[in-house]
Amino acid sequence: MLYDHKPFLLVVSAPSGCGKTTLLNQLFRKVKGLVVSVSHTTRKPRNNETDAVDYHFVDSVEFSRMQNDGQFLESATVHGNSYGTSSFSLKNLMDNGRDVVLDIDVQGMKEVKSASQFDLVTIFILPPSMEELESRLRNRQTDADAVIKKRLLNAAVEISNACFYDYIILNENIDLACERLKAIVYAERSRSTRTNLMGVFPD
């Protein structure tokens, strides 16, 4: 008996500082068959980031060239930096039977959704409160005060778009949030529209 499912694209969005990266890292440790899509960005790498692992770090000229060539499924400018998702990379991963996690913002999600190119599941991660979000951003000690204020303003706009997602997860407790994220992945893998059944029933 062979039981399998058709791969899907899992889009996860959250305001900066919501703990999305930590949450996804836990998910990858606990759920097999998931792979993250590595986006291109013009943002400079942080101290703990590696090229081609966290992002494909490119300059603005290269990014514009790829954008003009139509290589991005979606692209956006966030906090003054450009980000883009390669259509070819996504298709290659899914053709190899992998469920792909795409970590993008609200604007990017809407672009991917309107393209209707991939089987899509969308999840929005909420912070416990705006006060807690501000505290997390300040505790990271990676951004200037003006940048933090800008991130908080953007967060309010992003949260107002949470209703456009299939699922919403409150990240107040990281372990509980991860369990809910796992449950969504397993449920979506079991959808009848994605399930391939071969040899389950006798001829």
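The analysis underlying the following values was restricted to heavy atoms, covering all of them including side chains, and did not include hydrogens, waters or symmetry mates. The model shown is predicted, which means the values in this text are computed figures rather than measured ones.
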task: Check whether any side-chain heavy atom of V36 sits under 4.5 Å from a side-chain heavy atom of V100, and report yes or no.
output: no
query: Given S16, which of R140, K150, E158, R136 fulfils the side-chain contact (heavy atoms from CB on, under 4.5 Å) condition?
result: R140
- prompt: Is it true that atom NZ of K182 has more than 12 heavy atoms of other residues, nucleotides or ligands lying nearer than 6.0 Å?
  reply: yes
message: The criterion is ring pair (Phe, Tyr, Trp, His ring centres under 6.0 Å); which residues satisfy it with Y55, sequence neighbours excluded?
response: F57, Y83
query: Side-chain contact, heavy-atom cut-off 4.5 Å: I168 with L126?
result: yes
- prompt: Within a strict 4.5 Å, meaning less than it, do heavy atoms of the T85 and I104 side chains meet?
  reply: yes
- line: Here the gap from F118 atom CZ to L102 atom CG, rounded to the nearest 0.5 Å, amounts to 9.5 Å
R138/D145 salt bridge by N-O under 4.0 Å criterion: yes
query: When hydrophobic residues are tied together by side-chain contacts of less than 4.5 Å, even through go-betweens, does L27 share a cluster with I184?
result: yes
- prompt: Does Q26 reach the side chain of D175, with side-chain heavy atoms less than 4.5 Å apart?
  reply: yes
message: Taking atom NZ as the centre, does K6 end up with more than 12 heavy-atom neighbours from other residues, nucleotides or ligands that are less than 6.0 angstrom away?
response: no
message: Can you see whether S75 engages Q67 through a side-chain donor-acceptor pair at a distance of less than 3.5 angstrom?
response: yes
task: Each residue besides F63 in its hydrophobic cluster should be listed here, by chain and number; the cluster joins Ile, Leu, Val, Met, Phe, Trp and Tyr at side-chain heavy-atom distances under 4.5 Å.
output: V58, M66, F72
query: Which residue pairs satisfy the salt bridge (charged side-chain N to carboxylate O under 4.0 Å, His left out) criterion with at least one member in residues 31-43, sequence neighbours excluded?
result: R43-E49
task: Could you tell me the separation between the CD1 atom of I169 and the OH atom of Y167, rounded to the nearest 0.5 Å?
output: 9.5 Å
query: Can you tell me if OH on Y186 sees more than 12 non-hydrogen neighbours from other groups inside 6.0 Å?
result: yes
query: Counting only N and O atoms by type, is there a donor-acceptor contact under 3.5 Å from the side chain of N171 to the main-chain atoms of C18?
result: yes
Separation of R180 CZ from N173 CG (nearest 0.5 Å): 9.0 Å
query: Are the side chains of L181 and L24 in touch, meaning some heavy atoms are under 4.5 Å apart?
result: yes
- line: Given the options D119, D99, D4, R194 meets salt bridge (Lys or Arg N to Asp or Glu O under 4.0 Å) only with D119
- prompt: Does the side chain to side chain contact (heavy atoms under 4.5 Å, CB included) test come out yes or no for L34 and R98, once each step is laid out?
  reply: CA-CA 6 Å; L34 288 173; R98 309 296 294 275; over 6 Å; no
- prompt: What is the distance from atom OG1 of T193 to atom CD of E188, rounded to the nearest 0.5 Å?
  reply: 8.0 Å
- prompt: What residues, two or more places apart in sequence or in another chain, satisfy side-chain hydrogen bond (donor to acceptor under 3.5 Å, both in side chains) together with N154?
  reply: H79
Cluster check L73, M109: I/L/V/M/F/W/Y, side chain < 4.5 angstrom: yes
field: Donor-acceptor under 3.5 Å (S86 side chain, S89 main chain)
entry: yes
task: Under the side-chain hydrogen bond (donor to acceptor under 3.5 Å, both in side chains) rule, collect the residues that match up with S82, sequence neighbours excluded.
output: none
query: Is the backbone N or O of T122 less than 3.5 Å from a side-chain atom of D166, with the two atoms forming a donor-acceptor pair by type?
result: yes
field: Side-chain heavy-atom pair L23, I125 within 4.5 angstrom cut-off
entry: yes
query: Are V106 and I159 in one and the same hydrophobic cluster, where Ile, Leu, Val, Met, Phe, Trp and Tyr link if side-chain heavy atoms are under 4.5 Å apart?
result: yes
- prompt: How far does CD of E131 sit from CG of L133, to the nearest 0.5 angstrom?
  reply: 9.5 Å
- request: Taking N81 for its side chain and T77 for its backbone only, find out whether a donor-acceptor pair lies under 3.5 Å.
  value: no
Straight-line distance of L170 CG to L176 CG, nearest 0.5 Å: 8.5 Å
Flag if over 12 foreign heavy atoms under 6.0 Å of CD, E172: no
field: salt bridge (charged side-chain N to carboxylate O under 4.0 Å, His left out) contacts touching residues 65-91 (sequence neighbours left out)
entry: E62-R65, R65-D69, K91-D95
message: I'd like to know whether T42 forms a side chain to side chain contact (heavy atoms under 4.5 Å, CB included) with D59, so could you lay out the CA-CA distance, the side-chain angles of the two residues, the decisive distance to 0.1 Å, and finally the verdict.
response: CA-CA 5 Å; T42 59; D59 59 27; over 6 Å; no
query: Can you find a heavy atom in the side chain of V35 that is under 4.5 Å from one in the side chain of V101?
result: no
message: Under the criterion side chain to side chain contact (heavy atoms under 4.5 Å, CB included), I'd like the reasoning laid out for V11 against K113: C-alpha separation, chi angles, the key distance, then a yes or no.
response: CA-CA 10 Å; V11 171; K113 199 169 187 178; over 6 Å; no
- prompt: So T41 and H56, side chain to side chain contact (heavy atoms under 4.5 Å, CB included) or not? Walk me through it.
  reply: CA-CA 6 Å; T41 184; H56 295 291; over 6 Å; no
message: Is it the case that the side chain of S13 and the backbone of F124 share a donor-acceptor pair, with hydrogens and angles ignored and the cut-off at 3.5 Å?
response: no
task: Output yes when a side-chain donor or acceptor of N139 lies under 3.5 Å from a complementary backbone atom of S135, and no otherwise.
output: yes
Same apolar cluster: F164 and I123, side chain cutoff 4.5 Å: no
query: Does C178 reach the side chain of K30, with side-chain heavy atoms less than 4.5 Å apart?
result: yes
statement: All heavy atoms of I174 vs all of G19, minimum pair found to be CD1-O, 4.3 Å
